[in-house]
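When reading the values below, keep in mind they use all heavy atoms of this one structure, side chains included, and skip hydrogens, waters and symmetry mates.
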Amino acid sequence: MAGILIKGGEVVNEDGRERADVYIEDKIIKQVGKNLEVPGGARVIDATGRLVIPGGIDTHTHCQMPFMGMVAVDDFYIGTKAALAGGTTMIIDFVIPSKGESLIDAYNKWRGWADAKVCCDYSLHMAITDWNEKVEEEMSLVTSQDVGINSFKVFMAYKDVFMLRDNEIIECFKKVKELGGIGQVHAENGDVIVENCAKLLAAGITGPEGHPMSRPEEVEAEATYRACVIANQTKCPLYVVHVMSKSAAKIILEKRKEGSVIFGEPIAASLAVNGSHYYHTCWRHAAAYVLSPPLREDPTTPGYLMELLASGDLQCTGTDNCTFTSKQKAVGINDFTKIPNGVNGLEDRMAVIWEKGVHSGIMSAERFVGATSTTAARIFNIYPQKGVIAPGSDADVVVWNPDKTRVISAETHHHAVDFNIFEGMEVHGVAEWVSTGGRVVVEEEQVKVTKGAGKFVPNLPFSPYVYDQVKAAEEKLALKTVGVKRSEQDMFVDMTKPDPVPEETTINLESHASPRDDLERDRKPAIDSKPQIRVRNPPGGKSSIFF
């Protein structure tokens, strides 16, 4: 295969930017710099006036996921095709075993679905939906090089389906820490949600508006706090998926300031859309936005989350892309609890974040690269293979036009779903050219992909980016966790000394009466007289009361 020379652009990495050319050969970035000497016959891509950035990494997808009696319509072919169209060159999907299902069997099932279809590289997270000795044993296999998963997700919601109890999460996170993995959490209080849903349905609220009513912001915030405490007490690094609210984000921010190793992931939806759509009179429109946790009604939430992402207080971004058509969602037309949860985002994540972050002046281009690619690669231990434009890294490269605009629409997107939650949004930032593994798959915005051309990328345990922080936190804690040294004399307790005998104390109630009390007493007939109460001090001993 002939090499590719991307010429005349500005290379942007997380740590800086420079005018440089990029030469790609054999699926790898071979050279970055000026006046490169490259073999003859190389294909030249003119990137003048453009940015050359690492391909995006979507940390949170659910392609062809079976859920709530349906299967998400974006399978691994359609989902990764849509991703590439928007400049994302790698996804991390979730293996979600049913209760009682072997982790390895579920892993093999997901690999079977994905390997034959993916157009770009992918990795996997593992959900823990049950807890027993077999699950604990299999977790060790999951983190092995043969399987290659280093992240384990628990659900605090979806009671009786995916949800684990606190004691189970504690044991799970202890095992994750032992294996050098990363704990992940879907943070919502599942018990409260069940109660709220029953009350709302009984009150006759059956439409999509019932979804956010049943899962208010404090339900996410409480679970987020609880998850942070459990993770901190077990010394397990924690990754909070789909941060949807100000309250949850503030908890993550405070816990990180206290020294906890916690990462927060807002998604494209929470960074660009608010929960007012649930109250739209068109049922189809309102139902299209149903996901969990729900979008928040406070219109300032997306901007607040974007500011935290820009500053690095929230770390990286996914989409929770899990798409269901209007017909699929209509299974819940008379009961909001039956609406399949999920929205799109794989194709539009990069542009939405550029528009709301960089173009609006909140975020730098360098931080954009970090938030959409590099930080994810570091956390999940695939850096510098992914997430950077540098010699030796995979040739996942995007030529990004920061000034070009497009209008997002379900009529033109590459998803299989018939609705787009960003419908009508004009965004700056277009992926004009995209290379994945050295293959040009987007040429002047035209998508040309090959089914099955992507590969599985193992994520090995003990990510230095994560576990260096864990080690530092443990060392800091060790300085505080010091017992008090006591001499033999300090430890002496005289077991022969008699216990003290409490004195009797008499309290004269009349002596404490106020003038007003005296006046009231004078006005009332004497029915009973209780002049004194004799008690023994301290409380707990035998008392005598005289009437």
- Message: Ring-plane angle category for Y158 and F162, please: parallel below 30°, perpendicular beyond 60°, tilted otherwise.
- Response: perpendicular
- K99, NZ: over 12 other non-hydrogen atoms inside 6.0 angstrom: yes
- Task: Take the angle between the ring planes of Y122 and F76 and call it parallel below 30°, perpendicular above 60°, tilted in between.
- Result: tilted
- Message: Is the shortest side-chain heavy-atom distance between N189 and R215 below 4.5 Å?
- Response: no
- Are any of the side-chain heavy atoms of K329 and M68 separated by less than 4.5 Å? no
- Message: In terms of relative ring orientation, are F155 and H186 parallel, tilted or perpendicular, with 30° and 60° separating the classes?
- Response: tilted
- With a distance cut-off below 6.0 Å to the six-membered ring centre and an angular limit of 45° from the axis, does K250 pair with Y304 as a cation-pi contact? yes
- Item | Crowding at OH, Y225 (>12 non-hydrogen neighbours, <6.0 Å) | no
- Do the charged groups of D191 and K159 touch, with an N to O distance under 4.0 Å? yes
- Note on the structure: For D335, the side-chain hydrogen bond (donor to acceptor under 3.5 Å, both in side chains) test, sequence neighbours excluded, returns T337, K338
- Query: Do F94 and H62 have ring centroids that are under 6.0 Å from one another?
  - Reply: yes
- Message: Salt bridge check, E137 against K134: does any charged N sit closer than 4.0 Å to a carboxylate O?
- Response: no
- Query: So does K480 pair up with E475, basic N to acidic O under 4.0 Å?
  - Reply: no
Run the side-chain donor-acceptor check on residues 101-108: report pairs under 3.5 Å with partners two or more places apart or on a different chain.
residue: E101; atom: OE1; partner: S98; partner atom: N; Å: 2.9
residue: E101; atom: OE2; partner: K109; partner atom: NZ; Å: 3.1
residue: S102; atom: OG; partner: I104; partner atom: N; Å: 3.2
residue: S102; atom: OG; partner: D105; partner atom: N; Å: 3.2
residue: S102; atom: OG; partner: E138; partner atom: OE1; Å: 3.4
residue: S102; atom: OG; partner: E138; partner atom: OE2; Å: 2.7
residue: Y107; atom: OH; partner: R111; partner atom: NH1; Å: 2.7
residue: Y107; atom: OH; partner: V147; partner atom: O; Å: 3.2
residue: N108; atom: ND2; partner: I104; partner atom: O; Å: 3.3

- Side-chain ion pair, R226 and E222, N-O less than 4.0 Å: yes
- Can you list the residues that meet the side-chain hydrogen bond (donor to acceptor under 3.5 Å, both in side chains) rule with T88, with sequence neighbours excluded? R349
